[in-house]
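Naming convention: chains lettered A, B, ... in sequence-line order (proteins, then strands); numbering from 1 in each chain.
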Amino acid sequence: MSSNNPETKYFLLKKSKVKDLLNTLYKEFEIFVPVEEEGMVNFKRYKLNNNFNMEFTNTLLPPKGLFLPQQETLFTINYKKEELIEENLETSRRIIFGIRPCDSRSLTILDEVFKEKSEDVYYLQKRNNTLLIGLGCSNPQIYCFCSSLEVDPGKDSSVDIFLTDLGEKYLVTANTKEGQQLIKDLPVYFEKAGEEEITRALEIQSQAREGFSVGFAKKDTEIFRDVEIIFEHPIWEELAETCLGCGICTYLCSTCHCFDIADELAKNEGRRFRCWDSCQFFSFTNMTSGHNPRPNRKERIRQRFLHKLSYFVSRYGSIACVGCGRCLRNCPVDIDITRVIGAINHE
Amino acid sequence: MNNLNQIQNPYLPRIASIEKITQETGDIKTFRLVFLEGDFHHLPGQFVELSVFGRGEAPISISSFIPGENSLELSVKKMGKVTSYLHSMCEGDKVGLRGPYGNTFPVERIKGQNLLFIGGGIGLAPLRSLIHYSFLKRDDFGKISIIYGARTPADLVFKEELFNIWSNIKNTEVHITVDVATNGWQGKVGVVPKILKELNPSPDNTVAFTCGPPIMIKYSLEALNDLNFPEEDTVTTLEMKMKCGIGKCGRCNIGNKYICLDGPVFTLKELKNLPKEY
Ligand SMILES: Cc1cc2nc3c(=O)[nH]c(=O)nc-3n(C[C@H](O)[C@H](O)[C@H](O)COP(=O)(O)OP(=O)(O)OC[C@H]3O[C@@H](n4cnc5c(N)ncnc54)[C@H](O)[C@@H]3O)c2cc1C
Ligand code: SF4
Ligand code: SF4
Ligand code: FES
C-alpha cells in the first residue's frame, strides 16, 4: 500500500536479469514469487537462486493468504505470569513479485473491510510492509472474467511497480514513490525505456481486454441492488440442489475474508488464533442455542453470492469479486458466478 | 494479566477481575467485573467480547450502567465452552474484555418520553442497562413500566431489583409474570405477550423496548402493533453468532448490516428493511 505518484516512469528489465535482481532484493526483502510445484503454481517465499515461473496464468491460492494467513496467532497467553504476549507484528519488508491485476484489486477490496472503524493491525501491518510488483495479463484463461469487473488485465496502476511482458524483457512502470525509489536504487537492472518499447507495451496493454470467454455486462449486476427481489429469487433453491457445501469457492476466493477465532489451551501457555472460515458451513452461523439463521444450503449459497454482489456493494461501494475465476475453475460441481448472474438476468 | 496495546490492537482484551458473583437462577449468574487499569465508557445497549483465556470469547450484553467507575456487570447463561467455564470461576479470577461494541439504545431521542420495557428470561439483561440509566436520570423520562416474565419463578433474574427496588422508584410500575406457577407463586401467571395485552399500555409519547426468547419477541411485537405502537418507537435487539465483534470476520450479517457494528439495537422499522434471515 503506497502513495501514488502522478509522474509514472518507464524502464526496461531484461528477463535474463530477473533472478539477479531477486537475489539482490533478497538481502533486504522477504520476496514471494510464483513457483510451480506438482503442477500447481503458488506464491512461495523466494530463496537465493530459487526457480520461479513467470509464465503462469494465475496461482491456485490467492495472495490474500500473505495478508490474512490461513491460520494466524493473535497472541499467546502465559498462565503462570498471568500475561498476554502480543505477536510481534513487525515483519521484514516484503515484495510480492508477479501479482496479477485481479489479485492486486482484491487487496484494495479487502482494505475496505480491514480499515472500517477498528483497524485490523495484523492485516494492515503486512499490507503496509509489502511492495507489490504486478504482472500484466495477455492470455486470459478460460475461467477469467476480470474485465467484467472493472479490472484492467493489461494495466494495473494500484501496484508499486508494474511489468508488461515484451518477450525478452519487461516494460517496467513505476506507479508509486516507493516503486520509483526501488528502481532508482538498483540502476544496474533497469534501463530507460525508449519510445518504441513504450508504444509496443501500451498496445499489448490495450489488447489484453480481448479474448475473454466468460463474463457479463455491467448492467447485469444492477439487479442485485434490489435485495427484496433478489433475496427471494428461485435460483438459490436450484443452486442448493447441486452445491456440495465444500467451501472451496470461499477458501480459494481472492476477496473472501471470513474467519473464525478460537483459543488453544496448553499447560502453561495457550494462544488465541484466527483461521479462515466459510459461510458455506452450517457451523458458521449456528448458535449454541441451536438456532441457525442460515440452516440450509439455500441460505448459505445465497449468502455467498449476495455478500459479493449486493451487501458488499451497498456497504463499501464495489462488488467483492475480481473475476479471478478461481471459484468456477475449482468448484467440483461447476457452479459458476458468471452463469448465475446471466441466468438471473436473462432466464 | 498485563494490559497490552489494546488501543492499537482491537483483538487484545483488557484484563478485568471478577469482583462479585450473584447466582440469579440455576444456570444464570451475574458477574461484576472491574478493570485492572484504565477507564471504561459505554452506553446502554452495547456489548463486550468476554474472554475466558484458553477457552475463547463470547459476546455478552452489558447488563448494568454504573457511571464513573471502571466496572460493569454481565449476566451470563451457562451454554457452551466459554460460558460454562465462566460459571466455574470465582471472585478474584481474571477474565478479558474487548469493547464496548455495537450501537446503543437511542438514549437521546427518548428523552422526555415514557418507557415500556418488555423482557423475557435472560432478555432482561440488555434492557437492564437502560433501566439503570433511566433511573439514574429519572427526571429525563416520564412513566417507566417494566413487564418481565420467565418460565417459572425460579427462572426470574434480578429478583432483588424487580421485587424490592425498581417498583419503589417514583412513577414506576413493575409487572412480573411466570408461564408456570410453582413453589406457591402468588403473582401473575401467563406469557409476557398476554400480560402486555391485558395491561393495554397507551402508545402516546411512549417507546417500547423488548428483548427475550425469539418467540416472546415475535408475539410481543405483534401485540405492540395491535396496541398501535409506531414501528419507529418499537425497539428490540438482535442476536447473531459473533467472533470478532468489529465487522471483520463476516459472520454476523443480516443483509448488508453487521449486527456487531450496526446493531444489536434496531427499531421495528429498521428490522422490516432487513432480509428475513435472523
Ligand atoms: C449481542 C449479543 C449479546 C448477548 N448477550 C448475552 C447476555 O447478556 N447473556 C448471555 O448469557 N448470553 C448473551 N448472548 C449469547 C451468548 O453470546 C452465547 O450464549 C455465547 O456466545 C455462547 O458461548 P459459549 O462459548 O458458551 O458456547 P459455544 O457453543 O462453545 O460457542 C462457541 C462460540 O460461538 C459463538 N456463539 C455461539 N452462540 C452464540 C450466540 N447465541 N450469539 C453470539 N455468538 C455465539 C461465540 O463466539 C462462542 O464463543 C449474546 C449474544 C449476542 C450476539
Ligand atoms: S465450491 Fe461449489 S460445491 Fe463447493 S461450496 Fe462452493 S459452490 Fe458449493
Ligand atoms: S468470487 Fe470467484 S471469481 Fe470472484 S474473486 Fe472470488 S474466486 Fe475470484
Ligand atoms: S462478529 Fe465478526 S463481523 Fe460481526
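- The parts of A:Ser289 that come within reach of chain B are both its backbone and its side chain, each placing non-hydrogen atoms under 4.5 angstrom from that chain.
- Interface summary for chain B: among A:Ser310, A:Ala262, A:Cys258, the most heavy-atom pairs under 4.5 angstrom belong to A:Cys258.
- In this structure, no portion of B:Cys252 lies under 4.5 Å from any heavy atom of chain A.
- Of the listed residues B:Gly255, B:Pro275, B:Pro214, the one with more heavy-atom pairs under 4.5 angstrom with chain A than any other is B:Gly255.
- Among A:Asp120, A:Thr285, A:Asn292, the residue making the largest number of heavy-atom pairs under 4.5 Å with chain B is A:Asp120.
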*Run the numbers on A:Arg274 and A:Asp260 for salt bridge (charged side-chain N to carboxylate O under 4.0 Å, His left out), then give the verdict.*
CA-CA 5 Å; A:Arg274 67 173 166 191; A:Asp260 193 6; over 6 Å; no
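- B:Tyr148 has its ring centre no less than 6.0 Å from the ring centre of B:Phe117.
- Note: B:Glu277 leads B:Glu239, B:Lys81, B:Glu277 in heavy-atom pairs under 4.5 Å with chain A.
- For a residue to count as touching a neighbouring chain, one of its non-hydrogen atoms must lie under 4.5 Å from one of that chain's; by this rule A:Glu269 does not touch chain B.
- The six-membered or imidazole ring of B:Phe105 lies near that of B:Phe209, with a centre-to-centre distance under 6.0 Å.
- The candidate from B:Val52, B:Asn273, B:Leu261 with the greatest count of non-hydrogen atom pairs under 4.5 Å with chain A is B:Leu261.
- Contacts between A:Arg302 and chain B at a heavy-atom distance below 4.5 Å involve the side chain alone, from C-beta outward.
- Ionic pairing of B:Asp262 and A:Arg315 is present here: one or more N-O contacts between side-chain nitrogen and carboxylate oxygen are shorter than 4.0 angstrom.
- When heavy atoms are compared at a cutoff of 4.5 Å, A:Asp277 approaches chain B solely by way of its side chain, counted from C-beta outward.
- Of the atoms belonging to A:Phe231, it is side-chain heavy atoms, and not backbone ones, that fall under 4.5 Å from chain B.
- Comparing A:Val313, A:Leu68, A:Leu89, A:Asn286 by heavy-atom pairs within less than 4.5 Å of chain B, the highest count is held by A:Asn286.
- Heavy-atom distances place no part of A:Leu306 under 4.5 Å from chain B, backbone and side chain included.
- The distance from atom CD1 of A:Ile335 to atom SG of A:Cys243, rounded to the nearest 0.5 Å, is 4.5 Å.
- Between the side chain of B:Thr237 and the backbone N or O of B:Cys211 there is no donor-acceptor pair closer than 3.5 Å.
- Residue A:Glu116 touches chain B through both its backbone and its side chain, counting heavy-atom pairs closer than 4.5 Å.
- Residue contact with chain A, scored on non-hydrogen atoms closer than 4.5 Å, is absent for B:Thr83.
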_Derivation of the side chain to side chain donor-acceptor pair (under 3.5 Å) call for B:Thr22 and B:Arg32_ = CA-CA 8 Å; B:Thr22 311; B:Arg32 180 180 280 244; over 6 Å; no
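- Minimum interatomic distance between B:Ile259 and B:Leu238 (heavy atoms only, all atoms of both residues): CG2-O, 3.8 Å.
- A salt bridge links A:Glu150 to A:Lys218: at least one charged side-chain nitrogen sits closer than 4.0 Å to a carboxylate oxygen.
- When the candidates B:Lys257, B:Lys77, B:Arg251, B:Lys243 are compared by the number of heavy-atom contacts under 4.5 Å with chain A, B:Arg251 comes out ahead.
- In this structure, the portion of A:Val227 lying under 4.5 Å from any heavy atom of chain B is its side chain and not its backbone.
- Aromatic ring centres of A:His307 and A:Phe305: separated by at least 6.0 Å.
- The part of A:Tyr316 that comes within reach of chain B is its side chain, from C-beta onward, which places non-hydrogen atoms under 4.5 angstrom from that chain.
- Salt-bridge check for B:Arg55 with A:Asp263: failed, with every basic side-chain N at 4.0 Å or more from each acidic carboxylate O.
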